[in-house]
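Please read all numbers here as calculations on a predicted model, not as lab measurements. Note on naming: letters A, B, ... go to the chains in the order of the sequence lines (proteins, then strands), and numbering restarts at 1 for each one.
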Amino acid sequence: MNTLKMIGFSDVEKARFSAVLALADPQLKQAWKITESVPADFYLIKERLITQMDAHEILKHLPRQQCIFIRRSDNALIVDGHQFFWGEQDVPSLRYLVEFFNQLSDNKIASSSPSPPENQPTPIFETSHFNPQQGFLGHLLTPAKTPQAFKLAHQHADLTLYVDAEQNSYYTKSTLEQLEPYFFATDTLQIANITAQQLLTATAGQELKAQPLTHLLWFTTFTCSQGKLIEGHQKGDIVQLKRWPNLNLPGCKRLVKLAAYMHSNAVDLDTVQASTGIPIAQIHNFYNACKVIGLIAHSQHTDVHEKTINDEQKQLLEKIGKRLNETLQLVA
Amino acid sequence: MNKSEKIKFVFTGSVGAGKTTAIKAISEVDTISTEVKPSEEIIIKRKRTTTVAMDYGQLTLDDGEKIYLYGTPGQRRFDFMCPILTQGALGLVILIDNTHEKPFEELDYFLNLNSAFLQNHAAVIGITHFDKCAQPTINEYYQVLEERGDPWPVLHIDARNPEDVIILLETLLASLEYL
C-alpha cells in the first residue's frame, strides 16, 4: 500500500482524483490510498504551488523524490521531482494514471516522467462524432424506450445511483461533479433493473431526494462530448435553442453568452462560433448537451436577431463584464 | 445606452426576496438602505423591516466610471418608485422568493409592473431560497415565461453569495448583448 497526500487541491478535485484512482485500482500493481496524514509515501502537488516549493514552510521540507507535480500543459515549469501530466480536463487520463503509478511502484521513475499521453483527453469513443448511446450516458438514455427504474453501481467504487426513467428523476448522494469520473467507466458499471417498490425503499432509506434527470443527462453529455459534435448533426444544420438550459448546472454558468446567442438566433454552429468567439469545441459540448434533453429546434431558414448594439455599447458591456469578473476572482 | 446616463442595474422583487442582501453582497461601498417597519399585514409576517424607498450600492469600473445598483422597495404601496428607478437603467434583476405562497403570481406582477421598461431592455430572474423550497422548479418558471412570451433567463441564487449575484449580472449582460 502506498499513501498519497494531495496538497493544494479543493475538496471537489480530491474527490474526482480519488474516484479515478478507484477506477484504476484493478490495473495498479500496488494499492494506493489518499491520506490527509503526514508523512505520506508521496505528495501530489498542485501546479500553482510549484514556485513556492523553496519558500513554503511545509513544502520546502518535502523530499523531492517523493513529490509529484501536476503539469497542465507541455509548457509548464520544469522542476525536480516526478511530473504528472494532468492536462486541461477536469479529470486525469485513466490510462496515463495507471502507467504513471505503476512506474512509481516499480521505482523506475528516476529523472524522467512518462511522456504526456497523445490526444488529451483520451477519448472514450473512438469516432469522429459523439455517440450518446455509449457508456454511462447510454445507460441513462436507453430506458427512454422502455421506461423503468434501475440502479447503477460501480464494481470498485462507492457509487450508487438510482434512475426513475418513468418520472424522469435520479437519486444519488453525489453531486454532479462527483459523478464525473464514472461517466468514462465503460466496462465497470453495473446496471440492475429494480421495481418501483425497491426504488422507494432504497431512496427513502438513504433519504435521497428526486432530482431532474435532465440535469444529469445535460451534464453527462456536456462532459463526455469532449468537443465532438453529436452523431446525426450535419455541418450547416440551422439550429436554435428553444429554451434556456438550467444555467445553474456545472459548466453552464460560464456559457451564458452562448446560450443567449443561440436562444436569439437560428444559425449553423460555425456562425455561432464566428459571432460569439467561443471555441467550437465548447459550442459542440453545449449543443450536444442541449440537444440530448430536447432544447434544440431545427430550422430550414436562418433567422438572425439584429440586436441594435453599437461598438460603444459593446465596449461598455465588456468593461462591466471585466469588472464583475474581477469581483468574482476576489470572492472565489 | 446613452454615454451621459448613469450605468445602473435595478433589483426588484417582493419583500424578503433578497434585493437588499444581493446589493450588499457585491457593492464595494457600504450600501445605503432606507428601511421602516412594514405596514402591510402580509409583509409583517415575513420581515421585521423592509425597504421604503430604495437600496443603493455601487461598483467602479477600471476607468473610474461607476455602476450603480438600485433596489426597489418591496411593498406594493411604493410601486410608484419602480419607473423612477428604472429610468435609464441598463437592465432589471427580478428576484423571486421560492418560499412565497404564490411565486408565479409574484413573477407575473413584477414583469407586468415593469413591462414598459422591458419593451426595450433586458431582465434576468433570480430565484432565491431555493435551498429551503425547491418547488416550483426552474423548468416550471420557464413554462410560465413561455406562456407570457418572455425570453428572460432564470437562475436560482443565494443572494448572500457574491458569486451568485455576479453570475446573475453576467447573465443579464449576455441578455443585453443578444436578446
Side-chain angles (χ1 to χ4, degrees), chain A residues 168-169 209-215 240-249 252-265 272 275-278 293-295 304-332, chain B residues 1-3 5 7-9 25-28 58-67 90-91 120 122 124-127 130 134-135 137-143 145-146 150-158 160-179:
Chain A
N168 287 313
S169 303
K209 291 184 187 168
Q211 299 178 70
L213 187 57
T214 50
H215 294 182
Q240 185 171 16
L241 204 55
K242 286 193 285 195
R243 180 194 274 195
W244 295 85
N246 186 330
L247 296 172
N248 289 97
L249 292 174
C252 200
K253 278 180 197 174
R254 309 317 305 172
L255 293 174
V256 164
K257 192 175 163 180
L258 176 59
Y261 182 85
M262 290 187 70
H263 194 274
S264 283
N265 299 281
V272 173
S275 301
T276 62
I278 293 168
I293 63 170
L295 296 185
V304 177
H305 174 59
E306 295 290 350
K307 179 83 188 227
T308 51
I309 172 170
N310 59 37
D311 285 345
E312 189 183 332
Q313 291 163 341
K314 198 161 183 181
Q315 278 170 19
L316 176 61
L317 293 181
E318 281 170 6
K319 277 197 298 187
I320 297 172
K322 184 167 176 268
R323 178 64 181 90
L324 292 176
N325 200 39
E326 284 167 6
T327 308
L328 199 61
Q329 301 301 322
L330 284 171
V331 299
Chain B
M1 282 178 274
N2 189 328
K3 193 174 181 183
E5 291 177 345
I7 306 169
K8 65 179 181 181
F9 293 108
I26 63 169
S27 175
E28 65 193 17
Q58 74 179 46
L59 293 169
T60 308
L61 298 177
D62 284 349
D63 59 5
E65 238 176 322
K66 307 281 185 208
I67 306 172
L90 279 181
N120 299 304
V124 63
I125 318 291
I127 308 302
F130 207 77
Q135 301 287 339
T137 63
I138 299 292
N139 264 351
E140 286 168 310
Y141 279 100
Y142 276 126
Q143 280 166 14
L145 288 169
E146 278 167 18
D150 284 321
W152 315 124
V154 183
L155 294 93
H156 62 77
I157 67 151
D158 181 343
R160 300 163 298 182
N161 184 347
E163 196 176 333
D164 281 9
V165 179
I166 287 168
I167 287 170
L168 204 58
L169 288 178
E170 285 182 337
T171 307
L172 183 55
L173 290 184
S175 300
L176 284 167
E177 191 169 352
Y178 293 118
L179 290 188

Do you know which of B:I138, B:D63, B:I26, B:V165 has the most heavy-atom pairs under 4.5 Å to chain A?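 If we count pairs closer than 4.5 Å to chain A, B:D63 comes out on top.
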For chain A, find which of B:P151, B:P153, B:A174, B:A134 contributes the most heavy-atom pairs closer than 4.5 angstrom.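 Between B:P151, B:P153, B:A174, B:A134, the count favours B:P153.
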Tell me, for A:S275 versus chain B, whether the close heavy atoms (under 4.5 Å) come from the side chain, the backbone, both or neither.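 Backbone only.
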Residue part contacting chain B, namely of A:K209, when any heavy atom lies under 4.5 Å: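 Neither part.
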Heavy-atom distance under 4.5 Å to chain A: side chain of [X], backbone, both or neither?
{"X": "B:L173", "value": "both"}
{"X": "B:D164", "value": "side chain"}
{"X": "B:Y141", "value": "neither"}
{"X": "B:V154", "value": "backbone"}
{"X": "B:L169", "value": "both"}

Taking [options] one by one, which has the highest count of heavy-atom pairs under 4.5 Å against chain B?
{"options": "A:T214, A:N248, A:N246, A:T276", "result": "A:N248"}
{"options": "A:H263, A:K257, A:K253", "result": "A:K257"}
{"options": "A:L324, A:L247, A:L258", "result": "A:L324"}

For [Y], is there any backbone N or O sitting under 3.5 Å from a side-chain donor or acceptor partner on [X]?
{"X": "B:D150", "Y": "B:W152", "value": "no"}
{"X": "B:Q58", "Y": "B:I67", "value": "no"}
{"X": "A:N265", "Y": "A:V304", "value": "no"}
{"X": "B:E28", "Y": "B:T60", "value": "yes"}

Atom CG of A:D311 with >12 non-hydrogen neighbours under 6.0 angstrom: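 Check fails, neighbour count at 12 or below.
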I'd like to know if A:E326 pairs up with A:K322 as an ion pair, taking the criterion as any Lys NZ or Arg NE/NH1/NH2 lying under 4.0 Å from an Asp or Glu carboxylate oxygen.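 Result for this pair is yes, salt bridge flagged.
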Any Lys/Arg nitrogen of A:R254 or B:E170 sitting under 4.0 Å from an Asp/Glu carboxylate oxygen of the other?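 Between B:E170 and A:R254 there is a salt bridge, with a charged N closer than 4.0 Å to a carboxylate O.
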What distance separates B:I7 CD1 from A:L316 CG, expressed to the nearest 0.5 Å?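 Reported to 0.5 Å precision, the distance equals 4.5 Å.
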